[in-house]
Protein chains: 2
Amino acid sequence: MKRKITLKQIARELDVSISTVSKALRNSPEISEDTKQKVQAFAKLYNYRPNNIALSLKNRKTNTIGILIPEIVHHFFSKVIRGVELVANKRGYNVIVGLSNESFSKEVINMEMLANGSIDGFILSISKETQQLQDFHHFNETMSQGMPIVMFDRVVSDINCDKVIVDDLKGAKNAVEKLIKNDCKSIALITTKDYVSVGKLRTQGYLEALESHKIQPKAELILKIDDTLEYESNLEALEKEIEQLFKSNEKIDGIFAVNELYALSAMKVARKLGFDIPNDIQVIGFTDGVLSKHSTPSLTTVSQHAQQMGERAADLLINKLENKIETEEEEFQTIVIATELIERESTK
Amino acid sequence: MKRKITLKQIARELDVSISTVSKALRNSPEISEDTKQKVQAFAKLYNYRPNNIALSLKNRKTNTIGILIPEIVHHFFSKVIRGVELVANKRGYNVIVGLSNESFSKEVINMEMLANGSIDGFILSISKETQQLQDFHHFNETMSQGMPIVMFDRVVSDINCDKVIVDDLKGAKNAVEKLIKNDCKSIALITTKDYVSVGKLRTQGYLEALESHKIQPKAELILKIDDTLEYESNLEALEKEIEQLFKSNEKIDGIFAVNELYALSAMKVARKLGFDIPNDIQVIGFTDGVLSKHSTPSLTTVSQHAQQMGERAADLLINKLENKIETEEEEFQTIVIATELIERESTK
DNA sequence: TTTTAACACGAAAACGTTTTCGTTTGTGTA
DNA sequence: TACACAAACGAAAACGTTTTCGTGTTAAAA
């Protein structure tokens, strides 16, 4: 087991100085052709590669970006990671992943671990608990130390940093308007409690769509789920709530759900109650998941272009890292990714 | 924007040496109580944290593990990552992610990037292209430089390293035996071409199950899909092939598919042809995906315990990293994770 | 022959730590 | 008084690079 070879070892073997080796390998004109050839040949033979850690220390730059997300077993987030990885790799960066598991403290700890030199900047989406607590000191501290942050999807408007978001409001509005155009008269909304920023915006989109078509929103058609619970393990409870919704509002003929699972559950319950989709009830979800595509009937959804979000976020961050012009009064961008309504079988 | 504070700065401010600061912060008995208090207070005030990169360089240890997988938008792999991250974090390690995108060259490049000091060891699952090419030099080179590797799921038996695998053969055999017990007389297999190691093993499990029940396997009941194509984009082609399978074998009453999508497609086609699941045809898939749980009917599957695989792999790697007893003739383990048949609606 | 300039290379600092091994000071002992 | 010894601290090396700034040698110019 031969350890990796270093400049020092090459220098000793060839009886030259470390500086000479370094320069020879970088093809410096200071070094004679003879020496260059000798050194380069030797380096190739022993498969020399500069040590990244030493480079990072010297350059005070790791060429690594940290991505901090609430959950990785999640179609949306993994697609974002793919986008980030794609451009990061293309631009010579590595990606280090931290998971907050929706917990505030894990988010803070993870940030601190990574902020101590391991990475050059952050791409992150904040945890639910952080959204509830409204405690953002760790973001501010990190940024005040000169480490740039790009937030995506779940962002916090009070913080001054680059952001990549999806147009939740407009996406939701379009979806609901689609239902209205398709002749739905009584459209229910299945959403989350309001502290989830995206849930709130999508709810607002629903309301605006109704309003702009002179439809009076009814409180009993809006079901707000408490999603601090893991959904996967609380499917039955969710389905019960939805069933209740259907039973107390018999005229429901359209459903807009703020995520995939709510939409799927709604379809399942509807079918169980004897409704036909899309003839009796039309359903639209908000997501980028696999379930929508493969469910029966397949689900019409508002696509968020998750991978593109990741790509844009990575480009934003790397641009900032490489243009450190140290211009005081820096400015931050917010990129809004347009949503797209993907029509499938759950709507007419 | 104040940069992170260093030992040197603290030393200068307090008019002591760097060594004293370092020792004071680590509570060395060499330093007087007075000085310790002074230094520690100052450090706390300025939120001093040692620089990870400098530590890595000094200790020749990064406390970071690299995970290299073919694809991240994939339920199985993301669950593995979650497992890895979980124990890595608990044991004080960070996780850096590389994606090969099923490409040999990207796998090699990613390995080389990370092997140059960025990480202490690898957890990986090899790409399809690498499996086809049977070119494993990069693994051998990496290991010969003293960097440990743990392979999971898609492993290569010729390479001597720690491995975490699922008992593909037995899992498949159990599944098929379940179908046999459920009175299936004509069981079809939907699998991949043989170069995919797991596909091959699962096929073998299918054959062994038949054999042990004195059932003669029929070539026409075995459909081998070329999965070099992205499945998602070639769904129709896949469904055509399956439809053909059904039409030329009218007596099929059971299906074992080596992954989720094949199973789902089979169900879809079966329904389209007027079969009832599970009464006319029973279906079992092999996977850990979300689709199985939420499809209608929900799919009986062989679960691979992906997260557990990740956890075991991480423990294996970290143990090796921390027990570097430099005993020549080191030995490698292969951990086999038992599969579990999760019965849902697609079987009786 | 002397001066100059190009050439080829080496020494050393720097990045931020930790740790080993002095060195100084003060105190107690012979 | 001389000596040993502990206490408290500092200098320096080391991890592996890159880069700046010498420095010595040689060949060309004066």
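Hydrogens, waters and symmetry mates play no part in the numbers below; they use all other heavy atoms, side chains included. Here is the naming used below: chain letters follow the sequence lines, and residue numbers restart at 1 for every chain.
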Item checked: Euclidean distance, atom NZ of residue K58(B) to atom P of dT17(D) [Å, nearest integer] -> 16 Å
Item checked: Test salt bridge (charged side-chain N to carboxylate O under 4.0 Å, His left out) applied to R154(B) and E102(B), step by step -> CA-CA 12 Å; R154(B) 301 192 202 157; E102(B) 302 287 8; 3.0 Å; yes
Next item on the list: Send over the distance from I53(B) CD1 to dT18(D) P, rounded to a whole Å.
Entry: 15 Å
Note to self: Checking contacts here: which listed nucleotide (dG16(D), dA12(C), dG10(D)) is nearest the side-chain heavy atoms of S19(A)?
What the structure shows: dA12(C)
Note to self: As an exercise, state the distance from OG1 of T142(A) to CG of L68(A), rounded to the nearest 0.5 Å.
What the structure shows: 9.5 Å
Next item on the list: Would you kindly give the CG-to-C1' distance between N59(A) and dT18(D), to the nearest whole Å?
Entry: 8 Å
Note to self: Under 4.0 Å, heavy atoms only, any strand: does L7(B) hit a base, just the sugar-phosphate, or nothing?
What the structure shows: base
Note to self: What's T6(B) touching, base or sugar-phosphate or nothing? Going by heavy atoms closer than 4.0 Å.
What the structure shows: sugar-phosphate
Could I get a table of every N or O pair under 3.5 Å where one atom is in the protein and the other is in nucleotides 6-9 of chain C?
| from | atom 1 | to | atom 2 | distance (Å) |
| --- | --- | --- | --- | --- |
| dC9(C) | OP1 | T35(A) | OG1 | 2.7 |
| dC9(C) | OP2 | S32(A) | N | 2.9 |
| dC9(C) | OP2 | S32(A) | OG | 3.0 |
| dC9(C) | OP2 | T35(A) | OG1 | 3.0 |
| dC9(C) | N4 | E30(A) | OE2 | 2.2 |

Notebook entry, point to check: Between dT17(C) atom C1' and I18(B) atom CD1, what is the distance in whole Å?
Noted result: 9 Å
Next item on the list: Say whether, by atom type as modelled, one donor and one acceptor occur between the side chain of S28(A) and the main chain of A24(A) under 3.5 angstrom.
Entry: no
Checklist line | Expected output: side-chain N63(B) to main-chain Y93(B) donor-acceptor under 3.5 Å | finding: no
Next item on the list: Using whole Å, report how far CZ of R3(A) lies from C1' of dG16(D).
Entry: 13 Å
Notebook entry, point to check: R60(A) side chain N/O closer than 4.0 Å to the phosphate oxygens (OP1, OP2) of dG16(C)?
Noted result: yes
Next item on the list: State, without any angle test, whether E13(A) and Q9(A) hold a side-chain donor-acceptor pair at a distance under 3.5 Å.
Entry: no
Next item on the list: Would you mind reading off the distance between L25(B) atom CG and dC9(D) atom P, rounded to a whole angstrom?
Entry: 13 Å
Checklist line | Proximity of H305(B) and F76(B) rings by center, below 6.0 Å | finding: no
Note to self: Any side-chain N or O of K8(B) below 4.0 angstrom from OP1/OP2 of dC15(C)?
What the structure shows: yes
Item checked: Separation of atom CD1 in I5(B) from atom C1' in dT17(C), rounded to whole Å -> 15 Å
Item checked: Any donor-acceptor pair under 3.5 Å from K163(A) side chain to A313(A) backbone -> no
Note to self: Donor-acceptor pair, distance only, cut-off 3.5 Å: does the side chain of N94(A) make one with the backbone of I65(A)?
What the structure shows: no
Item checked: Residues in contact with DNA chain D, drawn from residues 111-120 of chain B - heavy-atom cutoff 4.0 Å -> none
Checklist line | Separation of atom CG in D34(B) from atom P in dA7(D), rounded to whole Å | finding: 15 Å
Item checked: N101(A) side chain to S103(A) backbone, donor-acceptor under 3.5 Å -> no
